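A, B, ... follow the sequence lines: proteins, then strands. Residue 1 opens every chain. Because the structure is a prediction, the values reported are computed rather than measured.
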Number of protein chains: 2
Amino acid sequence: MSQLSHDILQAFAPILTQRTMAKNERLHEAGRVGNRLYLVESGLLRAYYLLDGRDVTAHFATAGESVTAPDSFLRCQPSRYYIEALADSQAYVIERQDLEDYLDRHPEYERLARLYTEDLYMDLLRRSESMTFLSAQERYANLLNDRPEILEFAPLGHVASYLGMSQETLSRVRAER
Amino acid sequence: MSQLSHDILQAFAPILTQRTMAKNERLHEAGRVGNRLYLVESGLLRAYYLLDGRDVTAHFATAGESVTAPDSFLRCQPSRYYIEALADSQAYVIERQDLEDYLDRHPEYERLARLYTEDLYMDLLRRSESMTFLSAQERYANLLNDRPEILEFAPLGHVASYLGMSQETLSRVRAER
DNA sequence: GACGCTTTTTGATCTAGGTCAAAGGATGGC
DNA sequence: GCCATCCTTTGACCTAGATCAAAAAGCGTC
């Protein structure tokens, strides 16, 4: 876990609740407002959305990472995302409202929250640039290098949509052809 | 301009400096640490990087938007990005160090800075998802819909790389074939 | 340990979009 | 106004990766 994630857990401990999820448990449904951020302790969570009826993985979160339905958590809109557990998992949960209230009382943690958001921005930027001009082979290689645990635990189809390619292509790429 | 951008200008007025850029002026060079955020008043700025010697546009900023070299501004690393003006432009400039110092003295603005970062995150998320599974045609249509001023002022090649397609493809897509 | 269900692989074909090359159009400097 | 340079279009061809279909491999369950 990064220093930053660690600091977040410490700072926001008073408003964290702990939750245990079984494999295949759904934590959030599209269409609803779900103002929760999950800070994963163990296991594997996934956010996804439907595009023309197809399941597209938007994000994976393993130990030390976080996941939410960003349109809901950041904008309070009904969400386009689903969140589910891909393995038995444990996570700390933060409610958006609790977060705002807590930060009202403890403005000294605003900076930490901003730095965390900046970090998430950088992660997304990396991902976004990788999607723009890299080949299927290269995107796979990057993921294998950066987050091998995802390839180990997530079903191939979920990883393929996360990497913006078909399941068949990922299967072939992985077999090195 | 969004309410948020407006609030940012107000809140950080004491540390803003104004800068005028001529068309084709380079504001930042890759390889250097450049801790400046540009809040565009008028004109058009572009951030780009080189991938195998090819110029790839990472970001455009028109009036009310902002641009920086994120790896430098957020992580203080030598940057992979160049920033240049695509038209005669005006922008307010914030130095990262000034920002941090100012926020030390005015922690009441930390929240605003966080909300602004969250907004940038949502913008990037939109872009990132559009790159993952939309066709060249659809990505072009989205840009035309969301930010027509870019298509109006930026050279085709820069827009094409921003949309993750070749210049020839963008030319054809635009001519509706 | 056989049966169903899900996940992954493999093969055959098709197509969106890339690459290469060249011709037109604009634009700015002098 | 003329030339050089840059930007955009057009055409011909090619390839990465999609789609469709089916076989094979896992794996939970009774």
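B:Glu138 and B:Ser135 are linked by a side-chain donor-acceptor pair at a separation below 3.5 angstrom, with hydrogens and angles left out of the test. Judged by distance alone, the side chains of B:Tyr116 and B:Ser5 never bring a donor and an acceptor atom under 3.5 Å apart. B:Thr62 and B:Glu65 are linked by a side-chain donor-acceptor pair at a separation below 3.5 angstrom, with hydrogens and angles left out of the test.
The stretch residues 150-163 of chain A touches DNA chain C through A:Pro155, A:Leu156, A:Gly157, each having a heavy atom within less than 4.0 Å of the strand.
Of the listed nucleotides (C:dT19, D:dT10, C:dG17), D:dT10 has the atom at the smallest distance from the side chain of B:Ser171. When distances run from any side-chain atom of A:Ala136 to the nucleotides C:dT19, D:dG17, C:dT8, the shortest one goes to D:dG17. The A:Arg139 side chain lies nearest to D:dG17 when the options are D:dT19, D:dG17, D:dT9.
The backbone N or O of B:Ser66 lies less than 3.5 Å from a partner atom in the side chain of B:His59, making a donor-acceptor pair.
Here the P atom of nucleotide D:dC6 and the CG atom of B:Asp55 are 14 Å apart, to the nearest Å. Between B:Lys23 atom NZ and C:dA26 atom P the separation is 15 Å, expressed in whole Å. Note: CZ (A:Phe133) to C1' (C:dG18) measures 10 Å, nearest angstrom. Between A:Tyr140 atom OH and D:dG17 atom P there is a gap of 15 Å when expressed in whole angstrom units. Summarising the geometry, the separation between CD on B:Gln167 and P on D:dC6 is reported as 13 Å, rounded to the nearest angstrom. Look at CG on A:Leu86: it is 16 Å from P on C:dT6, rounded to the nearest Å. Spacing between atom CG of A:Asp52 and atom P of D:dT19 amounts to 11 Å, rounded to whole angstrom units.
Look at A:Arg174 and you'll find a side-chain N or O under 4.0 angstrom from OP1 or OP2 of C:dT9. A sub-4.0 Å separation between OP1 or OP2 of D:dA18 and a side-chain N or O of A:Thr169 is present.
Between the base of D:dT19 and the side chain of A:Arg172 there is a donor-acceptor pair shorter than 3.5 Å.
A salt bridge links A:Arg75 and B:Asp119; the closest N-O separation between the charged side-chain nitrogens and carboxylate oxygens is under 4.0 Å. Electrostatic pairing of A:Glu100 and A:Arg105 does not count as a salt bridge here, judged by no charged N lying under 4.0 Å from a carboxylate O.
Cation-pi geometry between A:Arg96 and A:Phe73 is met: under 6.0 angstrom from the ring centre, within 45 degrees of the axis.
Note: B:Tyr48 and B:Tyr81 fail the aromatic proximity criterion, with ring centroids not under 6.0 Å apart. Checked against the 6.0 Å centroid criterion, the rings of A:Tyr162 and A:Phe60 qualify as a close aromatic pair.
Axis deviation across the helix from C:dG1-D:dC30 to C:dC30-D:dG1 amounts to 50°, comparing end segments of five pairs, rounded to 10 degrees.
When each of A:Glu168 and B:Leu170 is assigned the nucleotide of DNA chain C with its nearest heavy atom, A:Glu168 is the one assigned upstream, toward the 5' end.
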